[in-house]
Amino acid sequence: MSDARLFAVKMRAARAGEHISGAERIVPAHDIPALAAALAERALRHAKGVPDEIHLKVEEAGEIVHLEALPVSTHVTQTPAEGRAVAARLLAGAGITRIDEIMARFSETYGMRGAMLLDADTLERLEPDRARGVRATYMDAAGNGNGQDARCPRGDARKKNHFAEAVVLATKVANAPGIVGEICVSDDPDYVTGYVATKEIGYCRITTIKEKGDPCGGRIFLYRGPREGVAETIEYLQKQCVLVDNAPTSAPRQTVAASSDPPPGRSGVSPLLDEALAGDLREADSQGLLRMCRERPADILSFASNDYQNLAEDPRLKAAACAAIQRHGAGSGASRLVTGTLPEHVRLERHLASFKGTEDAVVWATGYMANVGTISALVGKGDAVFSDALNHASIIDGCRLSRADVFVYRHGDMDDLVRQLDAAGPRRRKLVVSDAVFSMDGDLLDLPAFLEVCRRAGAVSMIDEAHATGVVGATGRGLTEHFDCKPDIILGTLSKALGSEGGFVCASRTACDYLRNKSRSFIFSTAPGPGAMAAADTALSVLEAEPGRASALRAKAARFAAALNEAGVACATQSAIVPIPVGDERTACAVSAALEREGVLIPAIRYPTVARGAARLRAAVDIGKSDADLRRAAALLSAALRMPS
Ligand SMILES: *Cc1c(COP(=O)(O)O)cnc(C)c1O
């Protein structure tokens with residue numbers, strides 16, 4: 001693939017002569033038709049309106065220069081003044097000192113399509129066409145199918161990944177002959193984040209660099225050198241084809257001190273704390289580990305939902321939730337032991353107990369709270385808790401909070417569990433906890449063997465049926481139904497296949513009464529709202545009335561795995577989760593990104609969630625997927641896996 005001829009593809013859309021949107025890519029010939037279609041779609045769907053002209057230009061790329069993406073960092077600032085001070089400090093390293101005067105020039109760049117080219121020292125304008133400015137073009141992230149290593153491609157061509165495109169551009173600019181720095185401020189009045197970049201400091205995002213509502217913005221390239229060199233710089237910026245390696249996939253995930261924060265002086269956070277927090281965020285950012293809440297994309301075939309039975313959007317659940325809210329309110333108003341217990345809680349707890357075949361049940365506001373509150377109530381200082389190495393984070397947190405001694409046994413390894421139970425010696429109480437269906441690989445706990453080990457050791461047994469309820473067992477009652485045996489404590493969530501929110505424990509009456517008295521996350525937290533309770537209650541009724549749903553769901557997951565097997569991809573499933581082993585982290589990311597470009601979402605799971613070199617894709621199948629969806633996703637996935645990375 002590396003010898004494929006590459007083409008530069010540019011799209012520009014305008015209306016009545018006014019620029020609406022634009023994009024460019026460098027791709028091999030065989031990608032041109034699909035890319036052209038995607039770019040045209042993007043042009044037609046732009047928020048600024050429908051264009052009356054769309055220009056597509058395709059030309060064979062000349063000689064290609066490869067550049068490593070600038071390292072990215074985020075500097076969290078609260079005010080434009082603070083942002084400018086950070087910019088000044090960062091650029092001082094490149095000997096650029098007149099930052100306030102340079103920033104003032106953004107009043108002249110407004111409306112320019114290109115950048116202003118300024119002498120970094122005299123601040124003289126150097127661009128020959130002042131109305132247009134200098135345009136940096138002919139660049140792309142390596143990995144967009146252009147024959148390069150594809151760690152972090154840029155996603156769906158129909159959508160713009162502003163951040164990746166900005167880093168690609170900044171990388172090209174920073175490497176241009178004579179350029180010593182760049183400052184970019186958006187001309188969107190509502191977007192106050194900008195960046196400064198140089199080859200030395202990298203791409204430094206500054207979260208607040210201008211006042212909200214200020215329409216001034218643009219790009220300023222800073223040049224240092226003889227006037228005769230300017231033409232060469234402009235030639236490089238406007239003509240040289242550049243592919244940027246390791247461009248980031250998405251914007252660094254910014255979590256605090258965003259542009260909507262209160263103005264200075266009224267902020268509740270001290271500058272010292274902010275500085276410390278911002279430092280930690282930068283550290284995470286520099287390792288590519290900063291996270292962000294992305295709004296759910298609407299038009300994607302998603303294999304990433306926990307709503308396995310599509311009950312969250314079921315009209316029966318929605319109607320039940322609305323009716324309960326009408327009757328008892330949007331919130332429950334108090335904790336369960338005060339005045340927060342409503343008929344919806346009592347009814348749901350009874351229903352859960354009968355659904356799982358136990359004497360009683362208790363509900364919490366979330367599954368996380370159920371785990372934390374149950375484990376910490378059952379064991380304490382001097383006790384021992386035994387936890388599978390691949391258990392969910394809420395189990396891990398419950399173990400820690402309990403202050404019991406924690407023994408982690410190898411995943412699914414009952415011999416190791418026995419050894420650790422022995423090694424712990426005699427204790428007041430031993431508790432063994434395991435996921436029923438493990439959330440990453442969807443594999444099942446061998447419940448009979450697990451219970452036998454617990455029985456012999458005199459240990460309390462507990463399983464977490466978060467991914468099992470509504471999925472596993474002949475009628476979806478979970479692992480206990482699948483194996484026809486029960487542990488002491490069955491824990492679960494209302495938020496996955498049951499399509500609502502909340503967590504629960506099903507157990508003996510005594511154990512449930514104990515938890516209502518001792519579980520701190522039950523006692524010291526407001527009772528979950530009646531809407532969520534009524535919805536979950538209805539979900540159980542739906543599963544009872546339509547007992548074939550769980551096996552139908554598993555059959556879909558099995559058909560997906562079979563389609564992959566037929567295409568030569570090894571994988572297997574026992575639940576709704578289909579893990580596709582890949583191994584190499586970069587390959588897993590590249591395959592996931594290639595699928596996303598095709599409108600299919602199958603997340604890559606990497607270290608530290610799984611071991612290094614054991615990266616995989618994790619597909620969660622839901623009952624709404626048609627056979628055509630499953631076949632399409634399997635075909636795309638196997639094709640993407642065959643692609644050299
Ligand atoms: C999702 C999950 C939880 C947490 O449940 P929430 O209701 O989302 O808080 C607990 N345990 C496991 C195994 C899970 O997968």
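When a ligand or atom number is given, it counts from 1 through the structure's own listing order.
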Nearest protein heavy atom to [atom], by residue and atom, and its distance?
atom: atom 8 (O) of ligand 1; answer: Ser495 OG, 3.4 Å
atom: atom 9 (O) of ligand 1; answer: Tyr368 N, 2.8 Å
atom: atom 3 (C) of ligand 1; answer: His392 CE1, 3.4 Å
atom: atom 14 (C) of ligand 1; answer: Lys496 NZ, 2.7 Å
atom: atom 13 (C) of ligand 1; answer: Asp464 OD2, 3.2 Å

| request: For the pair Glu481 (side chain) and Ala474 (backbone), establish whether a donor and an acceptor sit closer than 3.5 Å, ignoring hydrogens and angles. | output: yes
| query | Distance-only, no hydrogens or angles: does the Asn310 side chain make a donor-acceptor pair with backbone N or O of Asp307 under 3.5 Å? | reply | yes
Please give me the minimum heavy-atom distance between [X] and [Y], naming the atom from each residue.
X: Ser500; Y: Ala535; value: OG-CB, 3.8 Å
X: Cys485; Y: Leu447; value: O-CD2, 3.4 Å
X: Gln420; Y: Phe386; value: O-CE2, 3.3 Å

For ligand 1, which atoms have a heavy atom of [X] less than 4.0 angstrom away?
X: Asp435; result: 13 (C)
X: His467; result: 15 (O)
X: Gly502; result: 7 (O)
X: Ala466; result: 2 (C), 11 (N), 12 (C), 13 (C), 14 (C), 15 (O)

| field | Pair Asp383 + Arg429: basic N to acidic O under 4.0 Å | value | no
| Polar contact flag, side-chain donor to acceptor under 3.5 angstrom, Tyr308-His467 | yes
| Whether Met369 lies under 4.0 Å from ligand 1, heavy atom | no
| said: I'd like to know if Ala436 contacts ligand 1, where contact means a heavy-atom distance under 4.0 Å to any ligand atom. | reply: no
| Under 3.5 Å: N/O of Thr493 near N/O of ligand 1 | yes
| field | Lys/Arg cation over aromatic Tyr409: Arg419, 6.0 Å, 45° cone | value | no
| note | Judged by heavy atoms only, the candidate from Ala365, Gly367, Ser394 nearest atom 10 (C) of ligand 1 is Ser394
| message | Tell me whether the count of non-hydrogen atoms from other residues, nucleotides or ligands lying under 6.0 Å of CD in Glu544 goes above 12. | response | yes
